[in-house]
Amino acid sequence: MADQRRKPPNQPQTTSKRQWSLADFDVGKPLGKGKFGRVYLAREIKSKYIVALKVIFKEQIEKYGLQHQLRREMEIQTALRHPNVLRLHGWFHDDERIFLILEYAHGGELYRELRKLGHLSETQAATYIHSLTKALAYCHDKHVIHRDIKPENLLLDHEGRLKIADFGWSVQSRSKRHTMCGTLDYLAPEMVEKKAHDYSVDNWTLGILCYEFLYGVPPFEAESQKDTFKRILKVDLTFPSTPDVSAEAKDLISRLLVKDSSKRLSLQKIMEHPWIVKNAKPMGICPT
Ligand code: AMP
């Protein structure tokens, strides 16, 4: 498998004359089903390079008026090159479908791993938070705010390295945004209040994820949406007595889940935080 990965497929369509078509691929087993189509394991016939082929039905995209969002997702993801950001090698379409040629993440969803284990070890959690922080620092540098970081959008490669996927909600922005988006539990207070928000929404989400990795549930979970919103706005943060989580981890979470977005720990400070320094595997490789 490793040999097949070494050679990337030829340049993506956006940067070369290469026009991909379904005839260039041997399509294998389904890897999963998303809201707008399925993802298949596939091999580019000429290079033998293994990819994940995401098939999206145009009719569905048009039905929900998401053409612009999809194009934005494809453009953003194609331009990003980082070991912790899932590569989009290119895309093509036929009359009915759009095909995204994605890097194959052999380990699947981090969410599945989290559900299987209940919660993660401090080494695993710190390694993933460190990888995510590095990827977000890279994205923010390129003026990309992800806004929808959640375990379902995080994939693992064959070595257990984290990959941010699904840039459907991300925006390329130099100014504050007003649109409400993202998944409830992971929303920052300023997004709940539909106020202007900026890069620091992703820092808040890192706090939510760090908590969920260590405790198995997001911190502001409640019976109803309304109650989740209330808990987010109050920053109603409590740490259960089990599992036993170190004081340093709780310190990092408390410094990220701060209502005033300007007072949240910066991405640089997260990478320097004692809990990360002590627990994160430097290469981001964390077999489970
Ligand atoms: P999505 O449509 O992006 O939500 O993907 C549906 C499912 O397919 C996900 O839940 C993953 O389990 C799987 N999947 C998506 N992209 C990949 C990929 N690049 N590599 C491996 N599995 C993937």
Side-chain angles (χ1 to χ4, degrees), residues 1-2 4-9 12 20 22 24-44 47-64 66-67 69-93 96-117 128 131-132 135 146-170 181-183 185-186 209 212 284-288:
M1 193 66 88
Q4 291 171 327
R5 270 165 221 280
R6 210 170 290 148
K7 203 164 139 227
W20 297 103
L22 201 51
D24 293 312
F25 298 89
D26 278 331
V27 180
K29 67 169 185 179
L31 294 170
K33 195 171 172 292
K35 202 168 166 202
F36 299 109
R38 286 177 191 275
V39 182
Y40 297 90
L41 187 64
R43 186 173 55 189
E44 202 263 321
S47 65
K48 296 195 166 56
Y49 190 76
I50 299 288
V51 295
L53 206 57
K54 189 167 178 173
V55 185
I56 300 166
F57 286 92
K58 286 182 178 174
E59 200 189 335
Q60 286 287 307
I61 294 297
E62 280 156 20
K63 185 171 149 194
Y64 292 96
L66 293 172
Q67 301 93 314
Q69 191 173 312
L70 179 64
R71 178 152 280 275
R72 188 173 61 196
E73 172 180 3
M74 297 195 302
E75 277 164 5
I76 289 176
Q77 208 172 342
T78 306
L80 298 174
R81 302 279 157 90
H82 188 274
N84 299 111
V85 174
L86 194 81
R87 272 292 302 277
L88 173 60
H89 296 297
W91 65 81
F92 55 93
H93 62 102
E96 288 154 18
R97 301 163 294 183
I98 300 162
F99 299 86
L100 305 189
I101 312 166
L102 290 162
E103 175 183 357
Y104 171 47
H106 185 263
E109 282 178 28
L110 175 55
Y111 184 74
R112 203 181 50 201
E113 194 63 26
L114 187 60
R115 287 292 157 266
K116 193 174 85 190
L117 298 170
Y128 294 146
S131 300
L132 259 171
H146 190 288
R147 304 195 299 181
D148 197 24
I149 306 277
K150 54 184 175 176
E152 296 91 318
N153 287 344
L154 303 175
L155 299 177
L156 299 171
D157 73 3
H158 60 297
E159 293 184 299
R161 193 183 287 107
L162 178 140
K163 304 273 173 178
I164 305 184
D166 207 338
F167 279 76
W169 281 117
S170 62
C181 62
T183 313
D185 274 302
Y186 302 87
L209 272 179
E212 186 169 10
I285 296 170
C286 195
T288 48

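This is a predicted model, so every value here is computed, not measured. First listed ligand is number 1; within each ligand, the first listed atom is number 1.
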Minimum-distance protein heavy atom relative to [atom]:
atom	result
atom 2 (O) of ligand 1	Gly34 CA, 3.2 Å
atom 21 (C) of ligand 1	Ala105 O, 3.2 Å
atom 13 (C) of ligand 1	Leu31 O, 3.8 Å
atom 19 (N) of ligand 1	Glu103 O, 2.8 Å

Please identify which atoms of ligand 1 are closer than 4.0 Å to at least one heavy atom of [X].
X	answer
Glu109	9 (C), 10 (O), 11 (C), 12 (O)
Leu86	19 (N)
Lys33	6 (C), 7 (C)
Leu155	16 (N), 17 (C), 18 (C), 19 (N)
Lys54	1 (P), 2 (O), 3 (O)
Tyr104	20 (N), 21 (C)

Just jot down the side-chain hydrogen bond (donor to acceptor under 3.5 Å, both in side chains) partners of Arg97, sequence neighbours excluded, or say none. Asp94
Say whether Arg38 and ligand 1 are in contact under the criterion: heavy-atom distance to a ligand atom below 4.0 Å.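 Under 4.0 Å: no for Arg38.
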Are a donor atom and an acceptor atom from the side chains of Ser47 and Glu44 found within less than 3.5 Å of each other? yes
Who's closest to atom 18 (C) of ligand 1 heavy-atom-wise, of Gly107, Ala165, Ala52?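 The option holding the nearest heavy atom is Ala52.
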For a 4.5 angstrom cut-off between non-hydrogen side-chain atoms, does Lys29 reach Leu31? yes
Does the gap between the ring centers of Tyr104 and His158 come in under 6.0 Å? no
